A.B. asks: 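Following this message is one structure expressed as structure tokens.
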Amino acid sequence: MTHTHANTLRKGYVPSRFGQLHYVEAGTGVPVLMLHQTPRSWTEYLDVLPLVGARHRAIAMDTLGFGASAKPEGPHTVERFADAVSALLDQLGLEYFHLVGHHTGGVIAVEVAARLQDRVASLLLSATPFVDDEKRRAAVTGAQIDYVDPKPDGSHLQELWNKRGGFYRPGEEASLTRYVIDALTVLDRVEEGHEAVRAYDMERRLPHLTARTLAVCAPDDHYSLPSLAKFAAALDCETRVLSDGHVAAPEQVPAEFARTVLEWVDRG
């Protein structure tokens, strides 16, 4: 495979019962499907795709209801997100694949892996919240993460920027801009991905995972870092702390993130 081919991002849509699902891919070979956090899109993996695509068929889909994927009515749930992932896999003819999920994408990946089991060659859970009773109790009184009230003067755009500005460092404004674009795309339902995660009965699904699993997290992502020990205890899986990064690790340390994915994928 040439370096140029690996860096070529190919965009596509597949049909589903929800409407069209959008995805972007790079490279060829064994598929590695990557799922993004709320309220992002495939662009969270913009710099990761060509790096993983140098050795594999790297695919990043827009979660149902986000990015350029269909936005059906009715409440979002992790189960419905997983239904859409399965639809994409079936439409692309992917019988066997590696699965990567970041934050909300990791929770969706748990559900997909619990359902599809032996079709999942490996599972990498990045900064994935461990949803247990403690997490659900905390969510009852928790503040809204991304919601802003649209203002006639457009000041909510600055408010969106400020909501996540503390997760990014100087020089990472392009990544923060992509977050704002993604959030604006789903502004009326921007919190629903978070709400779906909090309502998910993860403990009941974890025993159904059969894929070898690695849980990773960036050192400054204090929201998800405590989940590593919980996943290790529940799944007897390996864990790893990246050298740098926060909530936006795939954008902040894309080379290390891609290298971690490739090492885990290629270990099997």
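All of these numbers come straight from a predicted model, not from anything done at the bench.
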A.B. asks: Does anything in residues 26-44 pair up under salt bridge (Lys or Arg N to Asp or Glu O under 4.0 Å), and if so which pairs, sequence neighbours excluded?
C.D. replies: R40-D182, R40-E251
A.B. asks: For the atom pair SG (C217) and NE2 (H222), what is the distance rounded to the nearest 0.5 Å?
C.D. replies: 10.5 Å
A.B. asks: Less than 4.0 Å between a side-chain N and a carboxylate O, is that true for D62 and K71?
C.D. replies: no
A.B. asks: In terms of hydrophobic clusters joined by side-chain contacts under 4.5 Å, are V216 and L123 together?
C.D. replies: no
A.B. asks: Quick one: closest heavy-atom pair of L125 and A109, and the distance?
C.D. replies: CD2-CB, 4.2 Å
A.B. asks: If I compare all heavy atoms of S41 with all of G67, which pair ends up nearest, and what's the gap?
C.D. replies: CB-CA, 3.9 Å
A.B. asks: Starting at CD of E195, measure out to CD1 of I145 and round the result to the nearest 0.5 Å.
C.D. replies: 9.0 Å
A.B. asks: Search all heavy atoms of S69 against all heavy atoms of H22 and return the closest pair with its distance.
C.D. replies: OG-N, 2.9 Å
A.B. asks: Applying side chain to side chain contact (heavy atoms under 4.5 Å, CB included), run through H103 and D221 and close with a yes or a no.
C.D. replies: CA-CA 10 Å; H103 275 272; D221 187 348; 2.8 Å; yes
A.B. asks: Applying ring-ring contact (aromatic ring centres under 6.0 Å, His included), can you list everything that pairs with Y179, at least two apart in sequence or on another chain?
C.D. replies: none
A.B. asks: Please list, chain by chain and in numerical order, all residues satisfying side chain to side chain contact (heavy atoms under 4.5 Å, CB included) with E256, sequence neighbours excluded.
C.D. replies: L242, S243, V253, R259, T260
A.B. asks: Tell me every residue that passes ring-ring contact (aromatic ring centres under 6.0 Å, His included) with H76, counting only those two or more places apart in sequence or in another chain.
C.D. replies: F66, F81
A.B. asks: Specify the closest pair of heavy atoms between R189 and G74, including all atoms of both residues, with the distance to one decimal.
C.D. replies: NH2-O, 2.5 Å
A.B. asks: Take D83 and R115, measure what salt bridge (charged side-chain N to carboxylate O under 4.0 Å, His left out) needs, and give me the verdict at the end.
C.D. replies: CA-CA 10 Å; D83 289 342; R115 294 180 183 186; 2.6 Å; yes
A.B. asks: Say you draw a straight line from CD of E238 to OG1 of T213; how long is it, rounded to the nearest 0.5 Å?
C.D. replies: 10.0 Å
A.B. asks: Taking side chain as C-beta onward, heavy atoms only, is T239 less than 4.5 Å from F231?
C.D. replies: no
A.B. asks: Counting C-beta onward and ignoring hydrogens, is there a side-chain heavy-atom pair between T210 and V120 closer than 4.5 Å?
C.D. replies: no
A.B. asks: Check ring-ring contact (aromatic ring centres under 6.0 Å, His included) between Y96 and all other residues, then give those that pass, not counting sequence neighbours.
C.D. replies: none
A.B. asks: E111 and R80: salt bridge (charged side-chain N to carboxylate O under 4.0 Å, His left out), yes or no, with the steps?
C.D. replies: CA-CA 10 Å; E111 178 61 25; R80 189 166 79 162; over 6 Å; no
A.B. asks: Would L33 end up clustered with V24 when hydrophobic side chains under 4.5 Å apart are linked, directly or stepwise?
C.D. replies: no
A.B. asks: Please examine the side chains of P15 and Q20, heavy atoms only from C-beta on, and report whether any two atoms are closer than 4.5 Å.
C.D. replies: no
A.B. asks: Applying side chain to side chain contact (heavy atoms under 4.5 Å, CB included), name anything that partners K151, two or more places apart in sequence or on another chain.
C.D. replies: D149, D153, S155, H156, E159
A.B. asks: One thing to verify: whether E173 and R178 come together as a salt bridge, which I'm taking to mean a side-chain N less than 4.0 angstrom from a carboxylate O.
C.D. replies: no
A.B. asks: Show the numbers, then the answer: is there a side-chain hydrogen bond (donor to acceptor under 3.5 Å, both in side chains) between S122 and H98?
C.D. replies: CA-CA 5 Å; S122 74; H98 299 270; 2.7 Å; yes
A.B. asks: Considering only NZ, NE, NH1 and NH2 on the basic side and carboxylate oxygens on the acidic side, decide whether R136 and D133 come within less than 4.0 Å.
C.D. replies: yes
A.B. asks: If we only count heavy atoms from C-beta on, is the V247 to R164 side-chain gap below 4.5 Å?
C.D. replies: yes
A.B. asks: Listed by chain and number, what are the ring-ring contact (aromatic ring centres under 6.0 Å, His included) partners of F18, not counting sequence neighbours?
C.D. replies: none
A.B. asks: For residues L187 and P150, determine if any side-chain heavy atom of one lies less than 4.5 Å from a side-chain heavy atom of the other.
C.D. replies: yes
A.B. asks: Would you give me the side-chain donor-acceptor pairs under 3.5 Å for residues 45-52, sequence neighbours excluded?
C.D. replies:
{"residue": "Y45", "atom": "OH", "partner": "L35", "partner atom": "O", "Å": "2.7"}

A.B. asks: Using the six-membered ring of W264, assess whether NZ or CZ of R240 lies under 6.0 Å from its centre and within 45 degrees of the ring axis.
C.D. replies: no
A.B. asks: How is the hydrophobic cluster of L225 composed, in terms of its other members, when Ile, Leu, Val, Met, Phe, Trp and Tyr link through side-chain heavy atoms under 4.5 Å apart, directly or indirectly?
C.D. replies: L228, V241
A.B. asks: Look only at the side chain of K11 and the backbone of Y23, and say whether a donor-acceptor pair between them is shorter than 3.5 Å.
C.D. replies: no
A.B. asks: What residues, two or more places apart in sequence or in another chain, satisfy side chain to side chain contact (heavy atoms under 4.5 Å, CB included) together with R169?
C.D. replies: E172, D244, Q252
A.B. asks: Can you name the side chain to side chain donor-acceptor pair (under 3.5 Å) partners of S126, sequence neighbours left out?
C.D. replies: H102
A.B. asks: Look only at the side chain of R10 and the backbone of G27, and say whether a donor-acceptor pair between them is shorter than 3.5 Å.
C.D. replies: yes
A.B. asks: With side-chain hydrogen bond (donor to acceptor under 3.5 Å, both in side chains) as the test, would you mind laying out the steps for H36 and T63 before giving the verdict?
C.D. replies: CA-CA 7 Å; H36 61 78; T63 298; 3.3 Å; yes
A.B. asks: In plain terms, say whether D201 and R204 are close enough for a salt bridge, that is, a side-chain N and a carboxylate O under 4.0 Å apart.
C.D. replies: yes
A.B. asks: Within a strict 4.5 Å, meaning less than it, do heavy atoms of the V107 and M202 side chains meet?
C.D. replies: yes
A.B. asks: Would you indicate whether the side-chain heavy atoms of L89 and L116 approach each other to under 4.5 Å?
C.D. replies: yes
A.B. asks: Distance check, rounded to the nearest 0.5 Å: S224 atom OG versus H246 atom NE2?
C.D. replies: 10.0 Å
A.B. asks: Assigning hydrophobic clusters by single linkage (Ile, Leu, Val, Met, Phe, Trp, Tyr; side-chain heavy-atom cutoff under 4.5 Å), is V14 placed with I108?
C.D. replies: yes
A.B. asks: For V30 and R57, run side chain to side chain contact (heavy atoms under 4.5 Å, CB included): C-alpha distance rounded to whole Å, both residues' side-chain angles, the deciding distance at 0.1 Å, then the answer.
C.D. replies: CA-CA 6 Å; V30 177; R57 182 183 179 185; over 6 Å; no
A.B. asks: Is there a path from L94 to L88 through hydrophobic residues (I, L, V, M, F, W, Y) whose side chains come within less than 4.5 Å of each other?
C.D. replies: yes
A.B. asks: Could you check if a side-chain atom of K163 sits within less than 4.5 angstrom of a side-chain atom of V148, using non-hydrogen atoms only?
C.D. replies: yes
A.B. asks: R119 and F97: side chain to side chain contact (heavy atoms under 4.5 Å, CB included), yes or no, with the steps?
C.D. replies: CA-CA 7 Å; R119 287 178 61 185; F97 58 94; 4.1 Å; yes
A.B. asks: Tell me, with the steps shown, if V261 and H56 meet side chain to side chain contact (heavy atoms under 4.5 Å, CB included).
C.D. replies: CA-CA 11 Å; V261 170; H56 296 281; over 6 Å; no
A.B. asks: Side-chain heavy atoms under 4.5 angstrom apart, residues restricted to Ile, Leu, Val, Met, Phe, Trp, Tyr: same cluster for L124 and F130?
C.D. replies: no
A.B. asks: Do R205 and E79 sit within salt-bridge range, that is, some charged N less than 4.0 Å from a carboxylate O?
C.D. replies: no
A.B. asks: Suppose the criterion is ring pair (Phe, Tyr, Trp, His ring centres under 6.0 Å): which pairs have a residue in residues 184-219, not counting sequence neighbours?
C.D. replies: none
A.B. asks: Grab the two heavy atoms, one from A114 and one from L209, that are nearest each other, plus how far apart they are.
C.D. replies: N-CD2, 3.4 Å
A.B. asks: Please name the pair of heavy atoms, one in A26 and one in L9, separated by the smallest distance, quoted to 0.1 Å.
C.D. replies: CB-CD2, 3.9 Å
